[in-house]
Novice: 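Take this structure first; my questions come after.
Below, chain A is the first sequence line, B the second, and so on; all start at residue 1. Keep in mind the model is a prediction, meaning the values are calculated, not measured.
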Amino acid sequence: MHAETEVVGDTVVVTLLEPRLDGARGLKLRQKVAELAAGGTRSILLDLTAVEFVDSTGLGAIVSSLKLLGKGGRFQLCGLSQPVRVLLRLTRMDQVFKSFARREDALMAAGSPCSPV
Amino acid sequence: MLARLILTIPTQMDRVADVGARVRAFCAGTPLDEVDAMEIELCVVEALNNAIEHGYGLRDDGEIRISAVRSSVAISVELMDAGKPIPHDVLEGAANSNMDFDPGDVASLPERGLGLPIINRVMDRVGYRRDGVHNILVLTRRFGTHAR
């Protein structure tokens, strides 16, 4: 999984750089989030701007990542393409995840300054 | 008039995306809109993922035949493979699933098993039979049935 991470305030922005999030890549995402959570991160923004397609295994990894942050954790999404929004709607996961069109809006909502640390 | 798309792939996960994209493109020229086509692509991907993971245990020595047909009233996608049969209780459970979870109860959110419920939600008919050797899964979406 090709991804970048960036700390902005108390939020870690994880930007996925590959066009698909599915089984193998989903596992790596979950591992990455597990590392961040173990290091004390409580707020993650998953930037999916580059992601054109997510299947149910990729969605499962996103759900698992949310659970890893535990009570009080914040896991938000931004940059959802239409196929990703379709998946979230079909599975009712659009009622679970707060999502934003732009990273800046998500960071404002999280109370993190928009400039990286 | 019928139009048909026939593809055969080995049971390799990295071959799934292309099939999904080809079936999505095959939806053009029907009354289905872009979102409908995306939903059907997702269903095909989920069905192929399930066949490779559960039918073949991720072995890459099998083959799956995908045959899509479009008519004036519907599009149908048939997937045929020689993997393990789909258990009846899995099909039955998925057909009855409405993905009914409490969005506020994070611990109860499903992480797996959404493929067949997605297929059942998108498609108007999901047919499965076994001819002794092969699994034959047929996904049918009629035109004009899903208001949005």
Novice: Report the distance from atom CD1 of Ile118(B) to atom CG of Leu87(A), rounding to the nearest 0.5 Å.
Specialist: 5.0 Å
Novice: Tell me, side chain or backbone of Phe97(A) under 4.5 Å from chain B's heavy atoms, or both, or neither?
Specialist: neither
Novice: Who are the side-chain contact (heavy atoms from CB on, under 4.5 Å) partners of Pro10(B), not counting sequence neighbours?
Specialist: Gln12(B), Arg15(B)
Novice: Are Leu48(B) and Leu91(B) grouped together when hydrophobic residues (ILVMFWY) are joined by side-chain heavy atoms under 4.5 angstrom apart?
Specialist: yes
Novice: Between Leu114(B), Asn49(B), Leu42(B), Val122(B), who has the most heavy-atom pairs with chain A when the cutoff is under 4.5 Å?
Specialist: Leu42(B)
Novice: Give the cluster check for Met123(B) versus Leu32(B): same hydrophobic cluster or not, with ILVMFWY residues linked at side-chain heavy-atom distances below 4.5 Å.
Specialist: yes
Novice: For chain A, which candidate among Gly115(B), Pro110(B), Pro117(B), Gly20(B) shows the most heavy-atom pairs at distances under 4.5 Å?
Specialist: Pro110(B)
Novice: For Val106(B), is it the side chain, the backbone, both or neither that has a heavy atom under 4.5 Å from a heavy atom of chain A?
Specialist: both
Novice: Side-chain heavy atoms nearer than 4.5 Å, only ILVMFWY residues, links allowed to pass through others: does that put Leu79(B) and Ile9(B) together?
Specialist: yes
Novice: Looking at Ser64(A), Ser65(A), Ser56(A), which one forms a side chain to side chain contact (heavy atoms under 4.5 Å, CB included) with Glu111(B)?
Specialist: Ser64(A)
Novice: Does any backbone or side-chain atom of Leu59(A) lie under 4.5 Å from a heavy atom of chain B? Answer side chain, backbone, both or neither.
Specialist: side chain
Novice: Counting C-beta onward and ignoring hydrogens, is there a side-chain heavy-atom pair between Asp22(A) and Met13(B) closer than 4.5 Å?
Specialist: no
Novice: Determine yes or no for a side-chain-to-main-chain donor-acceptor pair under 3.5 angstrom, with Arg92(A) supplying the side chain and Phe101(B) the backbone.
Specialist: yes
Novice: Please check this pair: side chain of Arg121(B) against backbone of Leu90(A), looking for a donor-acceptor N/O pair closer than 3.5 Å.
Specialist: yes
Novice: May I ask you to decide if Leu109(B)'s main-chain N or O and Lys67(A)'s side chain share a donor-acceptor pair within less than 3.5 Å?
Specialist: yes
Novice: Identify the residue among Glu41(B), Arg24(B), Glu34(B) that makes a side chain to side chain contact (heavy atoms under 4.5 Å, CB included) with Pro83(A).
Specialist: Arg24(B)
Novice: Please answer: with hydrophobic residues joined when any side-chain heavy atoms are less than 4.5 Å apart, are Leu29(A) and Val51(A) in the same cluster?
Specialist: yes
Novice: Which atoms of Ala107(B) come close to chain A, meaning under 4.5 Å heavy atom to heavy atom: side chain ones, backbone ones, both, or neither?
Specialist: backbone
Novice: Could you state whether Phe100(A) and Val84(A) fall into the same hydrophobic cluster, counting links through intermediate Ile, Leu, Val, Met, Phe, Trp or Tyr residues with side-chain heavy atoms under 4.5 angstrom apart?
Specialist: no
